[in-house]
Every structure is written in structure tokens, then in C-alpha cells.
Amino acid sequence: MPVFYGYEIIESGGITYIEVDLSQEINGTRAYSKQYSTVVNGYLIKIVIKSYSGKVMASDMVDFDRCVNSILFDEIKEKPSFRIKDLMESEGGISTWLLMGMGFLLVGYSLLRMQVKKKKKK
């Protein structure tokens, strides 16, 4: 089971990362790692340094940070906004929500009837 030591929000090359310190048991050996994670253009990007011989040291981080700092993107798209209101107002949005709602009601009603029938048989 992983052990979580903490996190920090960092900025590198105009990109915001969450830096997480973890360790976990792998084949009887404790592995320590630092991972930088971010989402760019809809993709989760993780950069990980892992040590099987003790905690990741500051000296190990020099090359790791150099690697992270060298990452460049040709284009970083604007984050899409997701609001229920936008979905409801989109073409077909209301009918989709109505169909989903009716489907949930139908399933709920069917389950309720099955429960009532089971109780009557007992």
C-alpha cells in the first residue's frame, strides 16, 4: 500500500504541477518516488523519479528538475468550461437529460416492483 508523505504545487516552464512524495512496497523492497503531475490539453502527464535504495535525495533531483524544466508544449489550449447549464442549453441537451431521467425512473420503478413481489412471496 502506498504511503503518502505530502504534496506541493509548483510552477515550472509556465506549467503548474502537483509534486507528490510517495513510497510503496514492491516485491519486498520499499521504493520511494517523487512525481510531478499536470493536465495539458486534456492529457494527464506524469513525470516520476523512483529510488529503490532509500528516499529521493536533493542531489537526485538536479537532473530530474532539469528534465521537468525542459518540457515545452507548442500549444496549450484553454481549459474547457463544463457547466450543467451549458449542457442543458446545447442542442439535444435537454432531451438527453430527460431521457436519462426517465431511464433512471424506469429502472428504479422496476427494482421497487421486484422488491414488493419478493416480499409478497415470503
Side-chain angles (χ1 to χ4, degrees):
M1 177 172 244
V3 177
F4 174 73
Y5 295 108
Y7 74 95
E8 185 178 346
I9 305 296
I10 64 163
E11 182 91 18
S12 177
I15 301 168
T16 303
Y17 294 92
I18 181 168
E19 176 191 299
V20 179
D21 292 318
L22 300 164
S23 74
Q24 72 182 87
E25 195 79 22
I26 299 175
N27 297 327
T29 303
R30 173 97 10 219
Y32 295 87
S33 66
K34 277 191 184 280
Q35 42 185 341
Y36 287 13
S37 301
T38 191
V39 176
V40 175
N41 297 338
Y43 295 99
L44 171 63
I45 299 168
K46 279 187 175 182
I47 305 126
V48 180
I49 184 170
K50 191 172 280 193
S51 171
Y52 294 93
S53 60
K55 290 190 176 184
V56 177
M57 306 302 281
S59 58
D60 301 324
M61 292 301 295
V62 172
D63 287 335
F64 183 72
D65 286 338
R66 192 176 299 134
C67 175
V68 171
N69 291 331
S70 71
I71 295 172
L72 299 173
F73 294 92
D74 292 334
E75 175 186 18
I76 298 180
K77 298 175 183 170
E78 193 170 324
K79 295 176 193 163
S81 66
F82 176 78
R83 298 182 311 183
I84 299 286
K85 181 181 173 214
D86 294 339
L87 185 61
M88 294 292 282
E89 291 175 353
S90 67
E91 186 176 322
I94 292 175
S95 59
T96 301
W97 282 102
L98 286 174
L99 285 173
M100 284 176 41
M102 289 180 358
F104 284 124
L105 287 173
L106 184 61
V107 168
Y109 177 74
S110 298
L111 291 173
L112 184 63
R113 284 189 54 144
M114 287 176 21
Q115 289 290 340
V116 169
K117 284 183 181 181
K118 282 183 183 179
K119 285 185 180 182
K120 283 183 179 180
K121 283 184 180 180
K122 291 182 181 181

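Between F64 and Y36, the ring planes are perpendicular. Angles over 60° get that label, and only those under 30° would be called parallel.
The local environment of CZ in F73 is crowded, with over 12 non-hydrogen atoms from other residues, nucleotides or ligands closer than 6.0 Å.
Side-chain heavy atoms closer than 4.5 Å link hydrophobic residues (I, L, V, M, F, W, Y) into clusters, and following such links, possibly through other members, connects I71 to M61. Clustering ILVMFWY residues whenever any of their side-chain heavy atoms sit less than 4.5 angstrom apart, transitively, puts I76 in the very cluster that holds I10. Note: the hydrophobic cluster containing V68 does not contain L72 (ILVMFWY, side chain heavy atoms under 4.5 Å, direct or indirect links). Both I45 and I49 are assigned to one and the same hydrophobic cluster, defined by single-linkage of ILVMFWY side chains at heavy-atom distances under 4.5 Å. In the hydrophobic clustering of this structure, Y43 does not group with V20; members are Ile, Leu, Val, Met, Phe, Trp, Tyr whose side-chain heavy atoms approach within less than 4.5 Å, directly or through other members.
The nearest pair of heavy atoms linking S33 to V56 is CA-CG2, 4.2 Å. S23 and Y5 get closest at one heavy-atom pair: OG-OH, 2.9 Å. The two residues K77 and N41 make their nearest non-hydrogen contact at N-OD1, 2.6 Å.
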Q.
Using the rule given for side chain to side chain donor-acceptor pair (under 3.5 Å), can you reason through Y17 versus S12, listing the C-alpha separation, both sets of side-chain angles and the distance that settles it, and then say yes or no?
A. CA-CA 7 Å; Y17 294 92; S12 177; 5.5 Å; no
Q) After noting the C-alpha distance and the side-chain angles of K34 and D60, does the key distance pass the side-chain contact (heavy atoms from CB on, under 4.5 Å) rule? A) CA-CA 11 Å; K34 277 191 184 280; D60 301 324; over 6 Å; no
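Side chain of S37 to backbone of K46: no donor-acceptor contact under 3.5 angstrom is found.
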